[in-house]
2 protein chains.
Amino acid sequence: MQIRQKIEQASDAFTAGERKLAAAILSDYPYAGLSSIQDLAERSEVSAPSISRFMGKIGLAGYQEFQRSLIAELKDGDRSPVEVHERGRHIEGDFLSDFLSKASAQMAIAGDAITEEQFNRACGLLANPKHNVYVIGGRISDTIAAHMSFHLRQVRPGVYHLPSDPETWPEYLLQMKAGDVFFVVDFRRYQTSLASLAKLARDERNARVIVMTDKWISPVARHATDVLPVPIESGTLWDTYSSALAVTEAIVTRIAEDNWETTRTRIESWDTMRITTKDTDA
Amino acid sequence: MQIRQKIEQASDAFTAGERKLAAAILSDYPYAGLSSIQDLAERSEVSAPSISRFMGKIGLAGYQEFQRSLIAELKDGDRSPVEVHERGRHIEGDFLSDFLSKASAQMAIAGDAITEEQFNRACGLLANPKHNVYVIGGRISDTIAAHMSFHLRQVRPGVYHLPSDPETWPEYLLQMKAGDVFFVVDFRRYQTSLASLAKLARDERNARVIVMTDKWISPVARHATDVLPVPIESGTLWDTYSSALAVTEAIVTRIAEDNWETTRTRIESWDTMRITTKDTDA
DNA sequence: GCGTTTCTGAAAATTTTCTTTCAGTCAAAT
DNA sequence: ATTTGACTGAAAGAAAATTTTCAGAAACGC
């Protein structure tokens, strides 16, 4: 049996510290377990003795046996990295892995729904610093919009994220100039207010409207110059937006990579401007 | 430089025993070097001291450095499935599908890092209506936190999403009761303020702290009762949060399905309470 | 709340691992 | 045959890693 499985098997009886340890081991499996017990202790933020006890709990003689087993697994699994993950594939009933593999499969096909051409056009429009970018999302999908505007702001100036309150929208509409880009994320249970907003943006302000939507196509699409369709059906109670997020990230990453020098200097000067919150980099 | 190359480079000056040793190491590279010096001594039919000397000869400080280097090599080599992509290599034409398949592969392995047990525990804690739930995320990862709180709110009462302004935090802290759940999303470029907040929540308010983090493990983890590790490396300029979002969705979906009746009636009454925004369902 | 059980890490003890010393062996050169 | 020099491994020594002990802290049940 793989160590990983032993861990899962024993996980009912884990204490808080042991769960932290298990998370550390599994999150960088199997390499996290290859260094000394002290290294691992430090990384997982439990003491070495706790690790030692843990090994007994999952049915091993001690840390050394644990390492030996990991090496043996590694040696076995040498064949191909893909196969390593293929092996020990979840048996039906694991909710999480079930869900994730569905989401993963869905994401794999998301690339087919959007042509490279569409993708490039969208990137081009959003990257152009001559025109401002306005971003908004639906009630739930605003998460995606927020992510987009956050990253885009790191790459270029003139990015505005519209608040969800319609009362504030006219202000932004008035600010829009011809050629500006209006990026709308809207998934089902569409909001009619967004469609009206998009219509205004296009008809009155001559903005270009890009809409990211699902395959049922939001009413916003009627007023769009570009549509980015993304699959969201998860086969469960709720839709999954992870593909949408991935596409969003693909867009901003592409833009950032294409304008790396600008982006780098911009992020650097940004960092010097931030005062309130201190970060630790590792 | 790889160990293997160091060996080859120094091989002119090898003695008989050293050649035997080199052969043994290279014949099962790199695994032969992963066991103890004595094991290797036995296998290669030279004494441990000879091995120790050998390491000096090929330019290493000792056997331990030798092992550490081998592990590092191994780890690098494994990166291939997700991280092959060298920056700037994206030839026109496939950026999107490239990016998506990487994200998809990464998501597939996300399930391995979190055990079903951990997942269930987290769901259980978050679902329990007896205790309130407080949610917060880092500067960027707050979008994940927002998604979580949004959906969770549809399923149960008592869900609070803390604003990012630290000035407002004391209010929420004071409101927390023992046993309440504090869900923190924190990915790298960790914010120390979140760690302090988590510490206060746990130590002063006796809250249970669940932290979703990457494999480098956020400082928040020190104060956590549960850790959910999620892979975020995309091999590009920025990390990708799509796996994190998927895990989040898996959690809320699970909770909603387990409490479907409650959820349904809750959403229905919610809908009658919403007045400002009108939806169209298709 | 209060006693009980469980968990945890510091420090000590133990074990293992690695390195150094040193004397014996071997081969080549004289 | 003897000397020389290099190579080697046994054993001692040093260093490190791992396990055990133990007392304080936290969590739990009543």
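Protein chains get the first letters and strands the later ones, always in sequence-line order, with residue 1 at the start of each.
- Taking five base pairs at each end of the helix from C:dG1-D:dC30 to C:dT30-D:dA1 and finding the rotation axis that steps the C1' atoms of four pairs onto the next four gives two axes whose angle is 30°, to the nearest 10°.
- Remark: A:R19 is not positioned above the aromatic ring of A:F14, lacking an NZ or CZ atom under 6.0 angstrom from the ring centre and at most 45 degrees off the axis.
- Within residues 121-130 of chain B, no residue has any heavy atom under 4.0 Å from DNA chain D.
- Shown for residues 34-47 of chain B: residues whose heavy atoms fall under 4.0 angstrom of DNA chain C, namely B:S36, B:I37, B:Q38.
- Atom OG of B:S69 and atom CG of B:L74 lie 12.0 Å apart (nearest 0.5 Å).
- Contact check on B:D258 versus B:R254 returns a salt bridge, with a Lys/Arg side-chain nitrogen under 4.0 Å from an Asp/Glu carboxylate oxygen.
- Using a 4.5 Å cut-off on side-chain heavy atoms (C-beta onward), B:L40 and B:L21 make contact.
- Shown for residues 56-66 of chain A: residues whose heavy atoms fall under 4.0 angstrom of DNA chain D, namely A:G62, A:Y63, A:Q64.
- Looking at B:E233 and B:K215, a side-chain N of the basic residue comes within less than 4.0 Å of a carboxylate O on the acidic one, giving a salt bridge.
- Ring to ring, B:F182 and B:Y134 are not that close: their centroids are 6.0 angstrom or more apart.
- Using a 4.5 Å heavy-atom cutoff, the side chains of A:Q67 and A:I37 are not in contact.
- Residues B:I136 and B:D142 come closest through the heavy atom pair C-OD1, 3.8 Å.
- Side-chain atoms of B:R266 and B:V155, non-hydrogen and from C-beta on, never get closer than 4.5 Å to each other.
- Counting non-hydrogen atoms of other residues, nucleotides and ligands closer than 6.0 Å to CD of A:E42 gives a total of 12 or fewer.
- Remark: B:K199 NZ is loosely packed, at most 12 non-hydrogen atoms of other residues, nucleotides or ligands lying under 6.0 Å away.
- Rounding to the nearest 0.5 Å gives a distance of 4.0 Å between CE of B:M107 and OG of A:S242.
- Between the C1' atom of D:dA6 and the CZ atom of B:F14 lies a distance of 17 Å, rounded to the nearest Å.
- A 4.5 Å side-chain heavy-atom check between B:E249 and A:W238 finds every atom pair outside the cut-off.
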Which parts of nucleotides 21-30 of chain D does protein reach within less than 4.0 Å, heavy atoms only, written one letter per nucleotide 5' to 3' as B for base, S for sugar-phosphate only and - for none?
-> B---------
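- When DNA chain C is scanned in the 5' to 3' direction for atoms under 4.0 Å from non-hydrogen atoms of chain B, the outermost contacting nucleotides are C:dT17 to C:dT21.
- Distance check, rounded to the nearest 0.5 Å: CD of B:E117 to CD1 of A:I7 gives 13.0 Å.
- Of the residues near DNA chain D, B:R68 and B:T15, the one whose nearest nucleotide (by heavy atom distance) lies more toward the 5' end is B:T15.
- Between B:I140 and A:H147, the closest side-chain pair of non-hydrogen atoms falls below 4.5 Å.
- Within the structure, every side-chain polar atom (N or O) of B:S50 is placed at least 4.0 Å from both OP1 and OP2 of D:dT8.
- No more than 12 heavy atoms of other residues, nucleotides or ligands sit less than 6.0 Å from atom CD of B:E167.
- At a cut-off of 3.5 Å, with distance as the only test, no side-chain donor of B:Y172 or B:N132 sits close to an acceptor on the other residue.
- Ring-plane geometry between A:Y63 and A:F66 is classed as tilted, the angle between the planes lying from 30 to 60 degrees on a 0 to 90 degree scale.
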